[in-house]
Amino acid sequence: LGEVLERYILTRGWARFIAVSGYTKEKLVRAGVEGRKVEVVPSGVDLPFFRRVKGRKSQEPTICCVSRLVRYKRVEDLLRALVLVREEIPDVKCRIVGTGEEEGNLRRLAHEFGLGGAVEFLGFLPTQEEVVRVMKSSHVFCLPSAVEGLGLTLVEAMACGLPFVASSLPPLREGSGGK
């Protein structure tokens with residue numbers, strides 16, 4: 001549905017487009033939008049809000065993922081990696097915030113991989129404050145996604161002071177200051 005909507009929007013002949021990253025601008029240009037019509041305005045976060053929200057670090061090492069649970073977000077890769085991490089850090093925990101069509105499959109994989117007690121599916125959290133508390137209680141943030149326009153959750157993790165592991169996608173490298 002998103003792809004159909006994007007194609008429709010591109011046919012409307014808009015005077016200007018706003019892209020959340022240079023990568024997204026390049027995609028629009030490749031899709032036929034004139035580069036001069038595209039302005040890059042990266043999404044930001046409310047840093048004072050992130051500073052105000054308090055979160056106590058978990059006792060055990062904890063990895064956090066905030067994502068829609070859909071195939072292209074590759075949360076299953078995080079579960080596979082968690083199996084390997086547990087070989088070195090047996091008490092590591094993983095907290096997954098989000099819902100989506102892949103949730104049942106991810107729960108099944110966690111069980112198959114023997115991660116039942118190590119992975120907590122928190123579902124949809126109703127406020128940004130609750131999400132930020134989960135992030136701040138964690139030790140590492142993970143964004144294994146195969147597709148991002150900017151990777152706002154990565155920016156939010158940085159606002160929480162969290163080190164992160166993320167896919168090597170152009171918009172994630174751009175948004176995190178990486179090369």
Side-chain angles (χ1 to χ4, degrees), residues 1-6 20-21 23-24 27 43 45 50 53-176 178-179:
L1 180 61
E3 289 179 31
V4 171
L5 184 57
E6 286 176 4
V20 295
S21 64
Y23 173 79
T24 301
K27 262 182 82 175
S43 297
V45 296
F50 278 81
V53 176
K54 302 301 177 205
R56 178 177 285 144
K57 286 288 180 206
S58 296
Q59 294 276 337
E60 58 276 320
T62 306
I63 300 167
C64 173
C65 179
V66 178
S67 177
R68 282 183 297 119
L69 303 183
V70 294
R71 187 171 299 272
Y72 71 85
K73 294 292 188 169
R74 293 181 16 196
V75 177
E76 72 275 3
D77 289 353
L78 170 57
L79 297 178
R80 286 185 178 89
L82 189 61
V83 171
L84 300 174
V85 170
R86 285 178 59 84
E87 291 175 7
E88 298 290 323
I89 309 169
D91 61 339
V92 68
K93 303 291 186 205
C94 181
R95 302 179 84 194
I96 298 173
V97 175
T99 60
E101 63 197 38
E102 285 294 303
E103 185 173 347
N105 183 47
L106 293 167
R107 286 179 181 274
R108 183 187 54 76
L109 280 176
H111 178 73
E112 284 179 17
F113 294 162
L115 299 171
V119 178
E120 186 178 4
F121 290 90
L122 301 175
F124 173 80
L125 298 180
T127 67
Q128 185 180 19
E129 189 170 320
E130 290 176 76
V131 174
V132 172
R133 278 198 191 102
V134 170
M135 293 172 86
K136 286 190 170 193
S137 72
S138 302
H139 296 86
V140 175
F141 183 82
C142 181
L143 182 60
S145 184
V147 177
E148 293 292 336
L150 172 74
L152 186 58
T153 58
L154 193 63
V155 175
E156 292 173 338
M158 289 186 284
C160 289
L162 269 179
F164 62 86
V165 176
S167 300
S168 183
L169 299 174
L172 297 183
R173 290 191 307 269
E174 179 182 337
S176 67
K179 301 283 180 205

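Just so it is clear, the structure is predicted and the values come from calculations on it, not from any experiment.
For the side chain to side chain contact (heavy atoms under 4.5 Å, CB included) test, residues two or more places apart in sequence or in another chain that qualify with Cys142 are Ile63, Leu78, Pro144. Listed by chain and residue number, Ser58, Thr62, Asp91, Lys93 satisfy the side chain to side chain contact (heavy atoms under 4.5 Å, CB included) test with Glu60 (two or more places apart in sequence, or in another chain). For Glu76, there are no salt bridge (charged side-chain N to carboxylate O under 4.0 Å, His left out) partners two or more places apart in sequence or in a different chain.
Note that CG of Leu143 is 6.5 Å distant from OG of Ser67, once rounded to the nearest 0.5 Å. Remark: Arg56 CZ to Lys136 NZ distance equals 13.5 Å, nearest 0.5 Å. Atoms CG and OG1, from Leu125 and Thr99 in turn, are 10.0 Å apart once rounded to the nearest 0.5 Å.
Minimum heavy-atom separation, Met135 to Val66: CG-CG2, 4.1 Å. The nearest pair of heavy atoms linking Phe164 to Val140 is CA-CG1, 4.5 Å.
Formation of a donor-acceptor pair under 3.5 Å by the Arg173 side chain with backbone atoms of Ser168 is found in this model.
Counting heavy atoms from C-beta on, the side chains of Ile96 and Leu106 never come closer than 4.5 Å.
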Identify every side-chain donor-acceptor pair in residues 111-123 under 3.5 Å, counting partners at least two apart or on other chains, and give the distances.
residue: Glu112; atom: OE1; partner: Arg108; partner atom: NH1; Å: 3.4
residue: Glu112; atom: OE2; partner: Arg108; partner atom: NH1; Å: 2.4
residue: Glu120; atom: OE1; partner: Arg95; partner atom: NE; Å: 3.3

Side-chain donor-acceptor contacts of residues 79-89 below 3.5 Å, not counting sequence neighbours, with atom names and distances?
residue: Arg86; atom: NH1; partner: Pro90; partner atom: O; Å: 3.0
residue: Arg86; atom: NH1; partner: Val92; partner atom: O; Å: 3.2

For residues 147-160, which side-chain donor-acceptor pairs fall under 3.5 Å, sequence neighbours excluded?
residue: Glu148; atom: OE2; partner: Lys73; partner atom: NZ; Å: 2.6
residue: Glu148; atom: OE2; partner: Ser145; partner atom: OG; Å: 3.0
residue: Glu156; atom: OE2; partner: Gln128; partner atom: NE2; Å: 3.4

